[in-house]
Amino acid sequence: MQLSEKKRPRVMSGMRPTGKIHLGHLVGALQQWVRYCETADPYFEIADLHAYTTSFSDPQSIRDARNDMVIDWLAAGIDPQKCTIYLQSAIPEISELHVLLGMITPLSWLERVPTWKSQIGELGQHIATYGFLGYPLLQLCDIAIFRGERVPVGRDQLAHLEFGREVVRRFNYLYGEGKEILTEPEGTLSDFPEIPGTDGRKMSKSYDNAILIADDETTTAKKVRSMVTDPLKIRRHDAGRPEVCPVFALWKIVNPDHVPWVDRNCRSGELGCVQDKTDFAASLNEFLQPIRERRAEIAKDPRYVERIIDVGSQKARAIAAQTLHDVKRAMKLV
Ligand code: SF4
């Protein structure tokens, strides 16, 4: 048992506590995390420092979202006995590594990461801070401090990972003396990399277009009713194009068996958007019901969640301290 556990690859992933978990997280990351609990040695980070890059003016919301997010993780099936759940800010070694790697990271590498410009365009100039520019480097430090080998990512994060791999190669080249001090992480694309939100853009807390696990059934149905569909299907009997419709994209996740029927009847004009959304809302609520029930149960005992985070953070910190020591020794700092 112990031998096979040692061979398991170390996987690192995390989420920012900036609000409640949504359907995109569930199918884009959490379902993959659940599988990692069975096949890997996973480290799951409550990325509270990252949350400050966009929500720095609202620290209380970050604090409030922290435990809520872990409750969602557990409700989605993450087994705390089979992974390490920890708080980023409780591991100061991550921040120290960030400073050290910052010394060897060319500014131009950070400026060319696509999300730097695109996110400022989406969210506004106020997030154009030193911390936000360094976000991909801090992400790398999250991974490198645990010598993470695999990182589940969405397509939009692949550029961050490639940047991180370049920094690791540079570090090992400058200080490794032929040895690999830091590990180059590999990205693993999730099965459903892009989940559309109610407005058709990528589902995201920042865009206010998300369907939350913690929403009640009425709120879910209301959000589904507000979803955009094929803009050319104006009347009920107009022929639709499912391939451009976010409702159709979500059907594929929630009830794949029903997809051929929707496809056929949307294209023929037999199915109207109002009816389809009503059917979809019912199906989605059924899909989320067991998770919501588990969520309500776990939320009854806040100390249970606190304990999981404390124990995980202590374990994570011991590993992080060793990596940081190796890095400082390689840099002749100790
Ligand atoms: S019928 Fe359904 S799949 Fe077709 S456009 Fe309307 S909501 Fe989308």
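Whatever order the structure lists them in is the order used to number ligands and atoms, beginning at 1. One is the number of the first residue; the rest follow in order along the sequence.
Between the side chain of Thr183 and the backbone N or O of Pro185 there is no donor-acceptor pair closer than 3.5 Å.
Remark: the Gln60 side chain and the Asp64 side chain contain an N/O donor-acceptor pair separated by less than 3.5 Å.
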Q.
Show, in sequence, the C-alpha distance, side-chain angles and deciding distance for Leu250 and Leu284, and conclude whether the side-chain contact (heavy atoms from CB on, under 4.5 Å) test is met.
A. CA-CA 9 Å; Leu250 295 187; Leu284 177 58; 5.7 Å; no

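Remark: of the listed residues Asp199, Asp215, Asp208, Asp215 is the sole one forming a salt bridge (Lys or Arg N to Asp or Glu O under 4.0 Å) with Lys223.
The six-membered or imidazole ring of Tyr86 lies near that of Phe146, with a centre-to-centre distance under 6.0 Å.
Listed by chain and residue number, the protein N/O/S atoms under 2.8 Å of atom 8 (Fe) of ligand 1 are Cys245 SG, with waters left out.
Ring pair Trp73/Phe44 is perpendicular by interplanar angle, where above 60° counts as perpendicular and below 30° as parallel.
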